[in-house]
**Q** 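Take a look at this one; I'll ask things after.
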Number of protein chains: 2
Amino acid sequence: MRNDTKIAPRGRGRPRKFDREAALRAALQRFRTLGYANTSLDELAAATGVNRPSLYATFGDKKALYLAGLARTHAIIDSTFAALHDVHYPPEKMLKALFLGAIEGFLTGEYGPSGCIAVNTAAAEAVADADIRAALADFMQLQDGWIEKLMEQAGTADPRGDAQIASSVIHSLSTRARAGTPRAELIAIAKKATALLLA
Amino acid sequence: MRNDTKIAPRGRGRPRKFDREAALRAALQRFRTLGYANTSLDELAAATGVNRPSLYATFGDKKALYLAGLARTHAIIDSTFAALHDVHYPPEKMLKALFLGAIEGFLTGEYGPSGCIAVNTAAAEAVADADIRAALADFMQLQDGWIEKLMEQAGTADPRGDAQIASSVIHSLSTRARAGTPRAELIAIAKKATALLLA
DNA sequence: TGATTTTTGTACGATCCCGCACAAAAATCG
DNA sequence: CGATTTTTGTGCGGGATCGTACAAAAATCA
């Protein structure tokens, strides 16, 4: 069951037994499900198959691991938006892809729909922790900025404002998914938002 | 500095030294700032001025105290919406009151803007804890339902859909407030949402 | 083969945290 | 005043959690 994709041992010493990316993915999944404060290092060690000392040696402490996970998600979101921008969909198709893609992602999860890690776990820590708050702000900036570009491409009259509303709806879809709202209702909200934005 | 509003001792034994409501408010504030998992009972005891055994005797365990706080917020939100419904504002004024009232509430906080406790701390626990998930769902239902009534009163064509979008924007305003977004930008988003909904 | 380097994994210490036991305190009832 | 009832507050015990020390293991270099 271990994910031992021992790539590029290269150096001198004993080769690493685990794949850094796979471990990061597993840790990220635990954080997304349980939240930052509620995820212990024992659970992270169990989920990644890496014991604590190796986790510390590879990622630093708990917060560094969490921030590395956020950064990884940030990069994935970025390339996803870039791809959506590249295909040059017509406005309605673009919004459909945007919202439905988000919804399907949010409904993913180990124990149930887990939404967006930034919106729904980083936000809990954001007031007390400046680093996490900054990461959350970066995340929202990334999303707002990309959707603004998409709105420009779609030729709407107020790309910035339209993007902020579309982005806001996506935030809420994430929270609603975590609250257990069924897919059909999330899709209905997405359709309504699409109609309003294209009116 | 204690809030000793010893009301209605009534019974037989030693009178209670603290005001239940004041203690609940203080605990709620800590939960809202730090999140559920990150708030210890020592901090709750310090913030409320009540030591742990008395907290347990009065509210039960940590989760029961948190849920009592959510219920209190739920009740306040309910009466706030009822009041807004009663004044029969014209549509634009109603939306302005709705959004700006939310924003001002979200910008409140001990250490900084703390948003909505349900959207931003309950959501983190919602996947792992069914009780908190249910409370979060109730909360969203309350808000969606009231805004739907307000939209009916305002005479919009699709009260349910419009309400879900308005409610979604409010969720996002809460998260954005926690991320540190300045008031002016939150207000701009609210204005844009108002314009879209009344178009 | 022996030295060096890096990772592994056990084990540990210090701290925090939850929830409660128990005696003292402060009120009312008879 | 003595008995009863309820709250207070100290204090504790078991357990979780974080981060690290240290020796063994597994590789490369000379």
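Labels below follow one simple rule: chain letters A, B, ... track the order of the sequence lines, proteins then strands, and each chain is numbered from 1. We use all heavy atoms of the structure for the numbers below, so side chains are in, but hydrogens, waters and symmetry mates are not.
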**Q** Salt bridge check: are Asp144(B) and Arg176(A) linked by an N-O gap of less than 4.0 Å?
**A**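 Yes, this pair counts.
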**Q** Whole angstroms only, please: what is the CZ-P distance between Arg16(B) and dG9(D)?
**A** 13 Å
**Q** Give a yes/no answer on whether the side chain of Lys17(B) brings an N or O atom under 4.0 Å of OP1 or OP2 in dA26(C).
**A** no
**Q** I need the CG-C1' distance between Leu65(A) and dT17(D), as an integer number of Å.
**A**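 These atoms are roughly 15 Å apart.
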**Q** Is there side-chain contact between Lys149(B) and Phe81(B), with at least one heavy-atom pair below 4.5 Å?
**A** no
**Q** What I want to find out is whether Asp138(B) reaches Arg133(B) closely enough, with some N-O distance under 4.0 Å, to be called a salt bridge.
**A**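 Looking at Asp138(B) and Arg133(B), the cut-off is not met.
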**Q** Quiz question: by atom type and distance under 3.5 Å, do the side chains of Thr39(A) and Tyr66(A) form a donor-acceptor pair?
**A**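 No, because no side-chain N or O of Thr39(A) sits under 3.5 Å from a partner of the opposite role on Tyr66(A).
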**Q** For residues 182-199 of chain A, run the donor-acceptor check on the side chains, cut-off 3.5 Å, and write out each pair with its distance to 0.1 Å, sequence neighbours left out.
**A**
from: Arg183(A); atom 1: NE; to: Glu104(A); atom 2: OE2; distance (Å): 3.0
from: Arg183(A); atom 1: NH2; to: Glu104(A); atom 2: OE1; distance (Å): 2.8
from: Lys192(A); atom 1: NZ; to: Asp158(B); atom 2: OD2; distance (Å): 2.9
from: Lys192(A); atom 1: NZ; to: Asp162(B); atom 2: OD1; distance (Å): 3.0
from: Thr194(A); atom 1: OG1; to: Ala190(A); atom 2: O; distance (Å): 2.8

**Q** Find the distance Asp19(A):CG to dT7(C):P and express it as a whole number of Å.
**A**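 Spelled out: CG on Asp19(A) to P on dT7(C) is 14 Å.
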**Q** If I take atom CG in residue Asn51(B) and atom C1' in nucleotide dC20(C), what distance separates them, rounded to the nearest angstrom?
**A**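 Taking atom C1' of dC20(C) as the reference, CG of Asn51(B) is at 13 Å.
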**Q** With the threshold set at 4.0 Å, does a side-chain nitrogen-carboxylate oxygen contact exist between Glu110(A) and Arg30(A)?
**A** yes
**Q** Using side-chain heavy atoms (C-beta onward) and a distance below 4.5 Å, is Leu65(B) in contact with Leu24(B)?
**A** yes
**Q** Set out, line by line, the N/O atom pairs under 3.5 Å between protein and nucleotides 3-6 of chain C.
**A**
from: dT4(C); atom 1: O2; to: Arg12(A); atom 2: NH1; distance (Å): 3.0
from: dT6(C); atom 1: O2; to: Arg14(A); atom 2: N; distance (Å): 3.0

**Q** Which atom names give the shortest non-hydrogen contact between Arg178(A) and Ala124(B), and what distance separates them?
**A** NH2-O, 3.0 Å
**Q** Assign each of Ser54(A) and Glu43(B) to its nearest nucleotide of DNA chain C by heavy atoms, then name whichever residue's nucleotide is nearer the 5' end.
**A**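 Residue closer to the 5' terminus by nearest nucleotide: Ser54(A).
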**Q** Got a list of protein N/O to nucleotides 18-21 of chain D N/O distances below 3.5 Å?
**A**
from: dC18(D); atom 1: OP1; to: Leu41(A); atom 2: N; distance (Å): 3.4
from: dC18(D); atom 1: OP1; to: Lys62(A); atom 2: NZ; distance (Å): 3.3
from: dC18(D); atom 1: OP2; to: Leu41(A); atom 2: N; distance (Å): 2.7
from: dG19(D); atom 1: OP2; to: Tyr56(A); atom 2: OH; distance (Å): 2.8
from: dG19(D); atom 1: O5'; to: Tyr56(A); atom 2: OH; distance (Å): 3.3
from: dG19(D); atom 1: N7; to: Arg52(A); atom 2: NE; distance (Å): 3.3
from: dG19(D); atom 1: O6; to: Arg52(A); atom 2: NH2; distance (Å): 2.7

**Q** Once you round it to whole Å, what is the distance between P of dT10(D) and CG of Leu55(B)?
**A** 14 Å
